[in-house]
Amino acid sequence: MAISMQNTIWDSVLEITKVAQEKGSDPLIWALQVSSSLSSSGVGLPSPELANVLVSYIFWDNNMPILWKLLEKALALRIVPPLMVLALLSDRVVPCRRSRPVAYRLYMELLKTFAFALKGQINVPNYEMVMKSIDGVLHLSHNFGLEATSPGILVVEFLYSIVSQLLDASLDDEGLLELIPEMKSRWATKPQEMEIDANDNYNQMQTEYHEKLYKMNTIMAIEMIGKFLQDKSTSRILDLVRQNFPTHWIRFIQRLQLLGTNSSALRNSKILTAEDLLQLTTGSGSNMVLSRESKTSSLQKFHSVMAFGSLVSSSGLCQGASHSALWLPLDLALEDAMDGYQVNATSAIEIITGSVKALQAINGTTWHETFLGLWVAALRLVQREREPIEGPIPRLDARLCILLSITTLVVADLIAEDENTPIDESECGSTNHWKENFFSGKRRIDLVSSLQLLGDYQTLLSPPQSVVSSANQAVAKAMLFVSGINVGSTYSECISMKDLPINCSGNMRHLIVEACIARGLLDTSAYFWPGYVNGCINQIPHSMPAQVPGWSSFMKGVPLSPSMVNALVSSPASSLAELEKIFELAVKGSDDEKISAATVLCGASLLRGWNIQEHTAHFITRLLSPPVPAEYSGSESHLIRYAPILNVLIVGIATVDCVQIFSLHGLVPQLACSLMPICEVFGSCVPDVSWTLPTGEDISAHAVFSNAFALLLKLWRFNHPPLERGVGDVPTVGSQLTPEYLLSVRNSHLVSSGNVLKDQNKRRLSAVATSSSAQPIFLDSFPKLKVWYRQHQKCLAATLSDLVHGTPVHQIVNVLLNMMFRKINRGSQSLTTVTSVSSGSSGPGTDDSTPRPKLPAWDILEAVPFVVDAALTACAHGRLSPRELATGLKDLADFLPASLATIVSYFSAEVSRGVWKPVFMNGTDWPSPAANLSIVEEKIKKILAATGVDVPSLAAGVSSLATIPLPLAAFVSLTITYKIDKASERFLNLAGPALESLAAGCPWPCMPIVASLWTQKAKRWFDFLVFSASRTVFLHNNDAVFQLLKSCFSATLGPNAAAISSNGGVGALLGHGFGSHFSGGISPVAPGILYLRVYRSIRDIVSLMEDIISLMMLSVREIACTGLPRERLEKLKRSKNGLRCGQFSLTAAMTRVKLAASLGASLIWLSGGLGLVQALFKETLPSWFIAVHRSEQEEGSKGMVAMLGGYALAFFSVHCGALAWGVDSSSKRRPKVLGVHMEFLASALDGKISLGCDCTTWRAYVSGFVSLMVGCTPSWVLEVDADVLKRLSKGLRQWNEKDLALALLETGGVETMGEAAELIIEDQ
């Protein structure tokens, strides 16, 4: 019945139309009749059904001028929805445009009239129904792959389909569509076969007029495309397609470029030129269309305030602190990587790459500026320690590794990412960064320009003495190439600068360029850069040396003689092929060749083979995990037969710099995984077999085990409680360095998903992990190691349990005590009868000639805590002298060097319990620090004073009675018995940090006493030991930490706005390292250096975060009050936009505000990692905004001060998040944490949360935070719930921040695209 009634209504409309057609009635009268008829029938207007009825009637049986006039009147009076009519016409007219050019022209005239006046068309009651009807006609949802769409999304899709159809039609009209046959048009542009011969009621198609009109239509269609892309509203709506449908947009741009380049019709246009059309296809972001007004006023205002000034002018690019400050977080991260007390399970390549991307996005710099900033930061790292102090800390090799290996790998990965970027929509997601995807290859060009400009930084390019020769060889190589002289590698190895007729002094840029050429980032055209070399060489010097041992000789087949091994150890391999050949010898050569090859790999190729360093480390880890030979059938582990080469490798990489290099390359997890089976196997062996090395040295299973175990323990903070500090349920990164964690990281490298394959660094790590074992490995695979580790954890966490009499462990304890104190036991009662852990006698002691017990290392380690406890108890009761205690412990450590680790565990636990009485370091019973204790104390005060730290407790001086707890006294007495030589270095590197940690946990002045004792032992380590002692002050005094942080802010910001370039910035924060190469002994240490070496021992990092925020806000207040005169501040407050008055001063103030926020964010990220950043967003920031701040109440903080504070917090928080999570879509934790924070912002804007902070500060924070997210981290916006974004947008509109509200919706992805489009239309 209803259908019949509907048919009657439309039959009536058609009847009215036919009458008007026959009589030629006034279109207005017809429209009023139709409107009255529909209203009386209850049909709502505008009616999509009417549009469908009219268009169906007209095309093509009644294609007459009068009916076009009727249709136009219906559109003008909104009886029919214009968009619906345009959709129907596009589907029917455009395919037949050649046979019916008049209809096509009339269609485009209607487009011109109604397609741009969108506001009135979305404010109708049946707007949603109309758009669904359009979807049914054009199949928009299907073409865009969306199931359920809002009417706003359909508007976007409709406009794109109209423009895209015009584009394809124009290409087809000019025969250009045939040039891209693989890209078939998705829209109706050609007629059905049955319509080709249809008649036109106006004129025959063959007439000259129609042919002319057809060509004019093509011109008009192209002009219409330009109009859509130039109009403020439609261009911005189309830009939503660019952001959310990258494959559609790329296809569209490619076709537009084809049209602009090849169209003959475009040349005849008087409105649009080919240059104009091509301009629409170039640029990026909002420049993709000509709507320059699409930049929001809020974004303009915010970024003008937050800007550092011009970054595009090369003349001022890196001069002074303004540009250096952009990369301050990078300088801090690089310097932090040099802390020898901490290895990192995460590759420095991954950390630096993430930081570089974050800073590039937040600072809005080009890749040219970014690469230049990266090179400068890495060069500063090297120059900061040209003459480092002596001590067990990373030296120049690790810093050169950062500059010439890690940084070049970072750059290589960034360029590979750019040049291999997919354009598939599923891989790209949102195209806020589509600009880089489409214009790939730009980063390589920017690398070249950055390296060319790097030559202007002569003070940074001066090479340290140890690499002068390498730099000279690099420039000589370039000079010979430029001169056209081809010399072999043999000559290059032996070349002397004295042999060359002109000066060939190289610098660090020559080494950087060589590293880039070696990795394929540059070619030899770099040798011809202006100023790269000075002059040419006309001929090869006649003093060319004869063949000498070296890599070229080795590659020609010269065997590994001792002289050849020495040559290869002292010079790095220059290519992967050379490295592969030496690795092949280590695998397949004779026993002597294997050991020689292993020695070579651990030499200069690992330390200074920057171009192949990661491959060297990879080969070493592979050699540490030899496969089971196919013919092997023994019952013992196959690793036993590899003992000599394994020991050579382990000893070879045990130095501080080598361990740091493995850490920088992210190979610590794999190295730990390789060492664990070695420890498991050799620790289970009875040491009755030994091996003789080519050097004549004999090694036992104990030696192999001890070397491997000592190296393994250096890979995590084994002497610290596993969760010594944390935030909520998320422990900090540093405290997660446990054996289980290292194995889990290593196992994660095995994952070979699509994302991993795109990440060059993860691909490298995956290859390393897979080469040793393709299966995941867990701690349960090493039962002996697991038992020791659990005992170690118990020892740290609880008191030592009673030893059960008669057990194997009890027997071993007695054997070890008798071995350690055999002279005492020989003349008196056994030591074990008077200990707290053993009640029975082990019988009379043995004499000196008694052989040492043949026990597996794991069994000895299980007994060591009880042995040390017995010895310490005996000493405390006077049954053992301090000297005898130290001698006995040294005997134990000499017998099994690995026992030093368990001794450390025991002493660490006992010191923290505080149950032992202190002992007097009097020089009789215990060694005395008196000889230089006052000097050490004075130097500590000098270091602290230089960094602005004043600790009153130090003023009184150290007590004349130098007392320290007994366990600490015993441990320091043990350590000073070691010789400072290469053989003891790997064990001192294990004991040193433990001793410092032990002393730091004791009351002051234990650490100065320990340092004084050690400075007597190792005078050349004086500066290092004093600096280490000064660090422990901050563990005993929270106020000292606050003062140090304050000094960091003061040093970075400088005393006033004009002083940053000379007295502030990176140089003032990090200084020039520390050392005694300055007059007057140890130089003052910059506050940043001191903080980076202190923060890992600070336990209360939540309070630390609060201090950092407090100091940042204090700095902002001081900047605002000292950078601008008060009268100018008042004018700024009254100024409408806050920028007109005193622009220069405000810019200078904002430079320092941004710098303070950048420093604060860097300190938060370094100090607490992901856990602290998570707490910042979920807890600290909400609490800060809810709380009432007294200073604001007292000063009535309004206007500029409050605004700067809000902007500072915004930049600070986004910076923290960017460093922790990255700016792309790779973080797993970010969506949840960011979602909580955005919900807080939305709820506060909704009025659901009451805030205590200044309203100006709050508004500046929200607008600043949203602006930075939209402009710098658009991937974050995509992860926020769409409803939250809509609420935020609504709140911003209530603040009259309409443009920012729109920008937020535009960036929110498909789910907010519809609301964004409707907001654009509302603003028409």
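The basis for the numbers below is simple: all heavy atoms, side chains too, and nothing from hydrogens, waters or symmetry mates. The structure displayed is predicted, hence computed values, not measured ones.
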Output the distance between atom OG (Ser39) and atom CG (Leu45), rounded to the nearest 0.5 Å.
5.0 Å

How close do Ala274 and Gly260 get, heavy atom to heavy atom, and via which atoms?
CB-O, 3.6 Å

Passes side-chain contact (heavy atoms from CB on, under 4.5 Å), Ser56 versus Asn52? Steps please.
CA-CA 6 Å; Ser56 298; Asn52 196 29; 3.7 Å; yes

Listed partners of Glu109 passing salt bridge (Lys or Arg N to Asp or Glu O under 4.0 Å), at least two apart
none

Report the C-alpha distance between Leu138 and Ser90 in whole Å, list the side-chain angles of each, state the deciding distance to 0.1 Å, and finish with yes or no for side-chain contact (heavy atoms from CB on, under 4.5 Å).
CA-CA 9 Å; Leu138 299 180; Ser90 72; 3.7 Å; yes

Qualifying residues under salt bridge (Lys or Arg N to Asp or Glu O under 4.0 Å), relative to Glu1279, sequence neighbours excluded:
Arg1230

Between Asp172 (side chain only) and Asp168 (backbone N and O only), is there a donor and an acceptor less than 3.5 Å apart?
no

At their closest point, which heavy atom of Glu1318 faces which heavy atom of Pro151, and how far apart are they?
OE2-CG, 4.1 Å

Please list every donor-acceptor pair under 3.5 Å in which a side-chain atom of residues 19-37 meets a protein atom from a residue at least two apart or in another chain.
| unit_1 | atom_1 | unit_2 | atom_2 | d |
| --- | --- | --- | --- | --- |
| Gln21 | OE1 | Tyr57 | OH | 2.6 |
| Asp26 | OD1 | Leu28 | N | 3.0 |
| Trp30 | NE1 | Thr17 | OG1 | 3.1 |

Cation over ring face, Arg98 and Tyr214, 6.0 Å, 45°
yes

Test your reading of the model: is there a side-chain donor-acceptor pair from Asn123 to the backbone of Lys119, 3.5 Å cut-off?
yes

A side-chain contact here means heavy atoms from C-beta on lying under 4.5 Å apart; do Val94 and Arg97 qualify?
yes

Kindly say whether Lys232 contributes a backbone atom to a donor-acceptor pair with the side chain of Ser235 at under 3.5 angstrom?
yes

If you take all heavy atoms of Leu140 and Glu157, which pair is closest and at what distance?
CB-OE1, 3.4 Å

Other residues, nucleotides, ligands: >12 heavy atoms within 6.0 Å of Lys215 NZ:
no

Non-hydrogen side-chain atoms of Ser47 and Val80 separated by less than 4.5 Å
no

One pair to check against side-chain contact (heavy atoms from CB on, under 4.5 Å): Val55 and Asp91. What are the steps and the verdict?
CA-CA 11 Å; Val55 172; Asp91 190 50; over 6 Å; no

Output for pair (Met1313 CE, Ile237 CD1), nearest 0.5 Å, gives 10.5 Å

Pairwise side chain to side chain donor-acceptor pair (under 3.5 Å) hits with a residue in residues 217-227, at least two apart:
Arg105-Asn217, Asp173-Thr218, Glu223-Ser269

Under the salt bridge (charged side-chain N to carboxylate O under 4.0 Å, His left out) rule, what pairs show up with a residue in residues 135-144, not counting sequence neighbours?
none

Only counting residues at least two apart or in another chain, list the ones meeting ring-ring contact (aromatic ring centres under 6.0 Å, His included) with Tyr127.
none

Between Trp249 and Asp239, is there a side-chain donor-acceptor contact under 3.5 Å, judged purely by atom types and distance?
no

Test of understanding: with side-chain contact (heavy atoms from CB on, under 4.5 Å), list the residues that count as partners of Pro46, not counting sequence neighbours.
Pro81, Val124, Asn126

Show every ring pair (Phe, Tyr, Trp, His ring centres under 6.0 Å) that has at least one partner inside residues 223-244, sequence neighbours left out.
Phe116-Phe228

Test salt bridge (Lys or Arg N to Asp or Glu O under 4.0 Å) applied to Lys73 - qualifying residues, sequence neighbours left out
none

Does any non-hydrogen side-chain atom of Ile9 lie less than 4.5 Å from one of Glu49?
no

Would you check if Leu1268 and Thr1273 make a side-chain contact, meaning some heavy-atom pair closer than 4.5 Å?
no

If we check side-chain contact (heavy atoms from CB on, under 4.5 Å) with Ile222, which of these qualifies: Leu171, Leu166, Leu266?
Leu266

From NE2 (His139) to OG (Ser161), nearest 0.5 Å
11.5 Å

In short, Ala169 meets Tyr104 closest at the heavy-atom pair CB-OH, 4.1 Å

Going by the angle between their ring planes, with limits at 30° and 60°, are His248 and Phe144 parallel, tilted or perpendicular?
parallel

Which atoms form the tightest heavy-atom contact between Thr1307 and Ala1303, and what is the distance?
OG1-O, 2.7 Å

Assess the residue pair Glu174 and Ser264 against the criterion (side-chain contact (heavy atoms from CB on, under 4.5 Å)); give the C-alpha distance rounded to whole Å, side-chain angles, the decisive distance to 0.1 Å, and a yes or no.
CA-CA 8 Å; Glu174 299 205 65; Ser264 58; 2.8 Å; yes

Once rounded to the nearest 0.5 Å, what's the spacing between atom CD1 of Ile219 and atom CD1 of Ile271?
10.0 Å

Under 4.5 Å between any side-chain heavy atoms of Phe252 and Val241, yes or no?
no

Between atom CG of Leu67 and atom CG of Leu54, what is the distance when rounded to the nearest 0.5 Å?
8.5 Å

Sequence neighbours left out, what passes side-chain contact (heavy atoms from CB on, under 4.5 Å) with Arg1293? Give chain and number order.
Ser1289, Lys1290, Ala1301, Leu1305, Leu1319

When you measure from the centre of the six-membered ring of Trp60, is the NZ or CZ of Arg92 closer than 6.0 Å and no more than 45° off the axis?
no

Distance-minimising heavy-atom pair for Gly1314 and Ser150:
CA-OG, 4.0 Å

Test item: Trp68 and Leu110 side chains (from C-beta on) under 4.5 Å apart, heavy atoms
yes

Roughly how far, to the nearest 0.5 Å, is CD1 of Ile79 from CG of Leu38?
8.0 Å

Does the Asn244 side chain pair with the main chain of Leu240, one donor and one acceptor, at a distance under 3.5 Å?
yes

Tell me every residue that passes side-chain contact (heavy atoms from CB on, under 4.5 Å) with Thr273, counting only those two or more places apart in sequence or in another chain.
Glu275, Asp276

Any donor-acceptor pair under 3.5 Å from Thr1312 side chain to Glu1315 backbone:
no

Side chains of Ile134 and Leu154, heavy atoms from C-beta outward: is any pair under 4.5 Å?
no

Got a sec, which residues hit salt bridge (Lys or Arg N to Asp or Glu O under 4.0 Å) with Arg1287, two or more places apart in sequence or on another chain?
Glu1239, Asp1246

Please answer whether the main-chain N or O of Thr8 pairs with a side-chain N or O of Ser12 as donor and acceptor at a distance below 3.5 Å.
no

Flag the pair Ser1267 / Leu1300 as yes when at least one side-chain heavy-atom distance between them is below 4.5 Å, and no otherwise.
yes

N/O donor-acceptor pair under 3.5 Å between Gln121 side chain and Leu83 backbone:
yes

